[in-house]
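In what follows, a single structure is set out as structure tokens and then discussed.
All figures in this text were calculated on a predicted structure; none of them were measured in a lab.
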Amino acid sequence: IEKISPTPQEPTVDDTERNKRLKEILKKKWFIPQPKEEYEKLSRRFKGLSMFDTDERSWVMPSVSLMTPTGFSAKWGDVFTGFGVTNRGRYTNNPDGVFSVGAGFGDPVALLGFEVSATFLNVRKVFNSGIGFSAKVSHTFPDTTSIAIGKIGFLQFPKDASDSGSSEYLAISRAFLLTADPTAPFSLAVATLGIGDGQFKTDIQLFKRIPAIGIFSSLSLRVLQPMNLLVNWDQNLHLGVSIAPFRRFPLVLTAGALD
């Protein structure tokens, strides 16, 4: 019997240096299964989408959306600030800008992430501009799908400081690896689809205060490690580009044409 059915041998595996290198790249980016202990270790620092996690990534991640929310959120220890200007507001011919600060709490990969931000709504008036507070809660799954529920302007001073009022939304985002090497040109796309009221409604629905739900979406394509091309839809089409000029320092510059 032993001669007829010898002990089976394990199949040979192609372990060339190139394959080992690709395997390590994919392991860091979560695109192949991991041992439980390795998975738990990686889950504490989700690589590839947070601009704050720079320890084991070759470049800071540029923005993946221009004007609409995504399913991703900040986590505990993340603090951010941003400043934006436009040559005219949506319902006026005057230039304007916004300034915001925010922070993350919890862990969206392990359980839930919470993000809270405060935005000065009209920097032309400096401290007399009005301020709005926004929040979201999100969860990110191992396949990079992330779901967020949020409210923009849930608290405003003075009341109705924003011309579009408050906005509730649901957003689902997913990252897609387009090449074996996530650091290569045209290697990563991030898509978002969401629904919401308030600023996501059409202009007629907004002005006439008609209860309605609008659809918004965004798509980003990493053309180079420090650069993403952006397309957004929120009842109007927006195009833009986002650049992270420094390899490790989390500064992101984004420019676009709206409406």
Side-chain angles (χ1 to χ4, degrees), residues 18 21-32 42 44-75 77-87 97-104 108-109 113 115 117 138 140 143-146 148 171 173-193 216-234 237-258:
R18 181 176 181 275
R21 208 162 50 245
L22 288 175
K23 185 177 179 181
E24 287 305 312
I25 291 173
L26 293 175
K27 283 176 69 176
K28 288 183 180 180
K29 299 296 176 178
W30 283 19
F31 287 100
I32 61 175
L42 287 174
R44 300 303 171 185
R45 292 183 64 80
F46 180 58
K47 305 296 179 185
L49 290 171
S50 172
M51 62 183 289
F52 300 94
D53 295 335
T54 59
D55 292 344
E56 296 182 21
R57 200 180 56 234
S58 56
W59 208 289
V60 167
M61 184 70 178
S63 177
V64 297
S65 179
L66 186 61
M67 292 291 290
T68 54
T70 70
F72 304 105
S73 74
K75 66 180 185 309
D78 294 345
V79 178
F80 58 89
T81 183
F83 178 73
V85 294
T86 179
N87 66 321
V98 295
F99 173 77
S100 64
V101 294
V109 175
E115 180 178 305
S117 62
S138 77
T140 300
D143 65 354
T144 74
T145 299
S146 194
S173 297
R174 173 73 185 271
F176 299 90
L177 189 66
L178 306 180
T179 65
D181 183 357
T183 64
F186 301 99
S187 60
L188 182 70
V190 179
T192 296
L193 181 64
F216 63 89
S217 61
S218 66
L219 178 66
S220 75
L221 176 63
R222 178 190 284 173
V223 293
L224 296 171
Q225 282 195 72
M227 179 186 296
N228 283 350
L229 295 182
L230 309 173
V231 179
N232 272 71
W233 172 260
D234 62 350
L237 182 64
H238 313 313
L239 303 175
V241 58
S242 181
I243 298 174
F246 304 107
R247 183 180 293 270
R248 298 294 183 187
F249 185 71
L251 173 68
V252 174
L253 306 175
T254 303
L258 313 182

Exercise. Counting N and O atoms only, with roles assigned by atom type, does the side chain of T86 sit under 3.5 Å from a partner on the main chain of G97, one being a donor and the other an acceptor?
Worked result: no

For this session: State, to 0.1 Å, how close S138 and G71 come at their nearest heavy-atom pair, and which atoms those are.
Result: CB-O, 3.4 Å

Problem set entry | Any residue meeting side chain to side chain contact (heavy atoms under 4.5 Å, CB included) with L66, in chain and number order, not counting sequence neighbours | L230, N232, H238, T254, L258

Seminar exercise, completed: Nearest heavy-atom contact between T68 and F216 is CB-CD1, 3.7 Å

Exercise. Have S242 and S63 got a donor and an acceptor in their side chains that come within less than 3.5 Å?
Worked result: no

Exercise. Does a side-chain heavy-atom distance below 4.5 Å link L178 with L221?
Worked result: yes

Problem set entry | L219 side chain near W233 side chain, heavy-atom distance below 4.5 Å | no

Seminar exercise, completed: To the nearest 0.5 Å, atom CG of L237 lies from atom CE of M67 at 12.5 Å

Could you list the donor-acceptor pairs under 3.5 angstrom formed by side chains in residues 185-192, with sequence neighbours left out?
from, atom 1, to, atom 2, distance (Å)
S187, OG, P182, O, 2.8
S187, OG, A184, O, 2.7
T192, OG1, S173, OG, 2.6

Exercise. Quick check: does any side chain N or O of T144 sit under 3.5 Å from a backbone N or O of A175, one acting as donor and the other as acceptor?
Worked result: yes

For this session: Output yes when a side-chain donor or acceptor of R222 lies under 3.5 Å from a complementary backbone atom of M61, and no otherwise.
Result: no

For this session: Flag the pair L229 / L239 as yes when at least one side-chain heavy-atom distance between them is below 4.5 Å, and no otherwise.
Result: no

Exercise. Going from CZ on F72 to CD on E115, what distance comes out if it is rounded to the nearest 0.5 angstrom?
Worked result: 12.5 Å

